[in-house]
Amino acid sequence: MIETSALSVRLGDREVLAEVDLRVRRGDWLAIIGPNGAGKSTLLKAVMGLVAHRGTVTLDGRPAAGLKPRERARLLAYAPQTPALPPDMTVFDYALLGRTPYIPYLGRESRHDRDVTASVLDRLDLTELAMRRAGELSGGERQRVVLARALAQQAPVLLLDEPTTALDLGHQQQVLELVDRLRRADGLTVVTTLHDLTVAGLYADALLLLAEGRAAASGAPAQVLTEALVGRHFDAHVKIEPGPDGRPVVHLVRGGP
């Protein structure tokens, strides 16, 4: 569903991404992990077409460079980590923006567009906030509203940059479980950046570890979340054990480097 070849991004005089290859099969969940500054968010932006890049991006077998913005928007829904929400816009109207690729130029949203938006807000436990202004929301509420806009887009691919930022433990789990249910029910392809390594290994089918803008490792969670790789690239002393479901659980060890 998504493929990149030799994807590179230079911002100013810094090479943020260098020769990154990735391949995400339809219906899979790829989590991009790595230390701060590794290029995780930039990789999502490059796939989305938001930053200039070298190399190629292919979406559903089509070169991304040849897609018009509305065509790309019907394939990819993107939720940034730090979005700009107009403070006076209501939660419902902001989520409704996700329907823009389906609304004719100079046209208005249809009843179907509003029904889709209302359904997404209900699934994210946001119905009671639908008429609240964005400027009145807490950080966790804002994060769920951004996800609601992405889900309202009904694109087959979700690109989510740290979707659990600012969420408490319960809402983190609710959001991730919702994304996973939608992925399985609708055959969505999901690509996320995730800060929590255990969470990444718990939900994703595959991991891509970025370090200094390069792909340091990729594969199943157990192949990427090893004590050697995590210790080397995160400069951390960890112990990694299989959890109840066999997936790796990362523990910090006190007294490490």
Side-chain angles (χ1 to χ4, degrees), residues 11 36 40-52 67-179 181-183 186 188 190-196:
L11 298 178
N36 292 341
K40 301 184 296 296
S41 297
T42 301
L43 178 53
L44 288 191
K45 291 176 181 177
V47 171
M48 192 64 196
L50 298 177
V51 295
L67 295 174
K68 297 179 180 178
R70 287 170 70 89
E71 291 175 321
R72 191 190 291 254
R74 292 187 181 189
L75 283 174
L76 302 174
Y78 170 64
Q81 183 178 351
T82 54
L85 276 69
D88 292 331
M89 181 174 281
T90 67
V91 166
F92 186 90
D93 286 342
Y94 182 80
L96 186 62
L97 291 175
R99 302 300 301 164
T100 301
Y102 306 96
I103 299 173
Y105 290 114
L106 303 179
R108 292 182 58 83
E109 72 276 0
S110 67
R111 175 64 180 271
H112 175 68
D113 295 321
R114 299 184 70 84
D115 287 346
V116 168
T117 303
S119 176
V120 168
L121 292 180
D122 182 60
R123 289 183 172 189
L124 285 173
D125 195 25
L126 290 169
T127 300
E128 292 185 0
L129 303 181
M131 293 299 107
R132 185 176 295 182
R133 297 183 186 278
E136 302 170 358
L137 302 175
S138 69
E141 290 167 344
R142 288 167 59 90
Q143 197 70 14
R144 282 187 288 149
V145 170
V146 172
L147 180 59
R149 173 177 171 170
L151 293 176
Q153 204 166 318
Q154 291 189 315
V157 179
L158 287 177
L159 304 179
L160 308 177
D161 194 1
E162 294 288 355
T164 56
T165 296
L167 298 182
D168 60 37
L169 191 62
H171 281 117
Q172 284 186 38
Q173 187 175 44
Q174 290 173 24
V175 166
L176 292 168
E177 289 289 340
L178 172 61
V179 170
R181 286 199 304 272
L182 289 171
R183 177 178 72 98
D186 301 337
L188 297 178
V190 178
V191 181
T192 56
T193 63
L194 286 170
H195 184 74
D196 189 312

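Heads up: numbering here begins at 1 and tracks the sequence. Reckoned from all heavy atoms, side chains included, excluding hydrogens, waters and symmetry mates.
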Straight-line distance of Y94 OH to L126 CG, nearest 0.5 Å: 12.5 Å

Closest contact, heavy atoms only, A95 versus L121: CB-CD2, 4.0 Å

Side-chain heavy atoms of L97 within contact of D93, under 4.5 Å: no

Flag side-chain contact, heavy atom, 4.5 Å: L67 against L75: yes

Residue R74 excluded, over 12 heavy atoms near CZ under 6.0 Å: yes

Between D168 and H171: side-chain donor-acceptor atoms closer than 3.5 Å: yes

Partners meeting side-chain hydrogen bond (donor to acceptor under 3.5 Å, both in side chains) with T117 (sequence neighbours left out): none

Nearest heavy-atom neighbours spanning P86 and A84: CD-O, 3.6 Å

Distance in Å, T164 OG1 paired with Q174 CD, rounded so as to fall on 0.5 Å steps: 13.0 Å

Q173, CD atom: more than 12 neighbouring heavy atoms under 6.0 Å: no

Pairwise distance CG(L176) to CG(L178) - rounded to 0.5 angstrom: 9.5 Å

All side-chain contact (heavy atoms from CB on, under 4.5 Å) counterparts of E109, not counting sequence neighbours: L96, I103, D113, R114

From CZ (R133) to CG (D88), nearest 0.5 Å: 5.5 Å

Run the side-chain donor-acceptor check on residues 139-163: report pairs under 3.5 Å with partners two or more places apart or on a different chain.
{"from": "E141", "atom 1": "OE1", "to": "S138", "atom 2": "N", "distance (Å)": "2.9"}
{"from": "E141", "atom 1": "OE1", "to": "S138", "atom 2": "OG", "distance (Å)": "3.4"}
{"from": "Q143", "atom 1": "NE2", "to": "E162", "atom 2": "O", "distance (Å)": "3.1"}
{"from": "R144", "atom 1": "NH1", "to": "L124", "atom 2": "O", "distance (Å)": "3.1"}
{"from": "R144", "atom 1": "NH1", "to": "D125", "atom 2": "O", "distance (Å)": "3.3"}
{"from": "Q153", "atom 1": "NE2", "to": "A73", "atom 2": "O", "distance (Å)": "2.6"}
{"from": "Q153", "atom 1": "NE2", "to": "L76", "atom 2": "O", "distance (Å)": "2.8"}
{"from": "Q154", "atom 1": "OE1", "to": "R99", "atom 2": "NH1", "distance (Å)": "3.0"}
{"from": "D161", "atom 1": "OD1", "to": "S41", "atom 2": "OG", "distance (Å)": "3.1"}
{"from": "D161", "atom 1": "OD1", "to": "T193", "atom 2": "OG1", "distance (Å)": "2.5"}
{"from": "D161", "atom 1": "OD2", "to": "S41", "atom 2": "OG", "distance (Å)": "2.7"}
{"from": "E162", "atom 1": "OE1", "to": "H195", "atom 2": "N", "distance (Å)": "3.1"}
{"from": "E162", "atom 1": "OE2", "to": "H195", "atom 2": "N", "distance (Å)": "3.1"}

Closest non-hydrogen atom pair between M48 and Y78, with its separation: SD-CB, 3.6 Å

R183 atom CZ, over 12 foreign heavy atoms within 6.0 Å: yes

Derivation and outcome, side chain to side chain contact (heavy atoms under 4.5 Å, CB included), residues R111 and D115: CA-CA 6 Å; R111 175 64 180 271; D115 287 346; 3.2 Å; yes

For the student: nearest non-hydrogen atoms of K68 and E71, plus distance: N-OE1, 2.8 Å

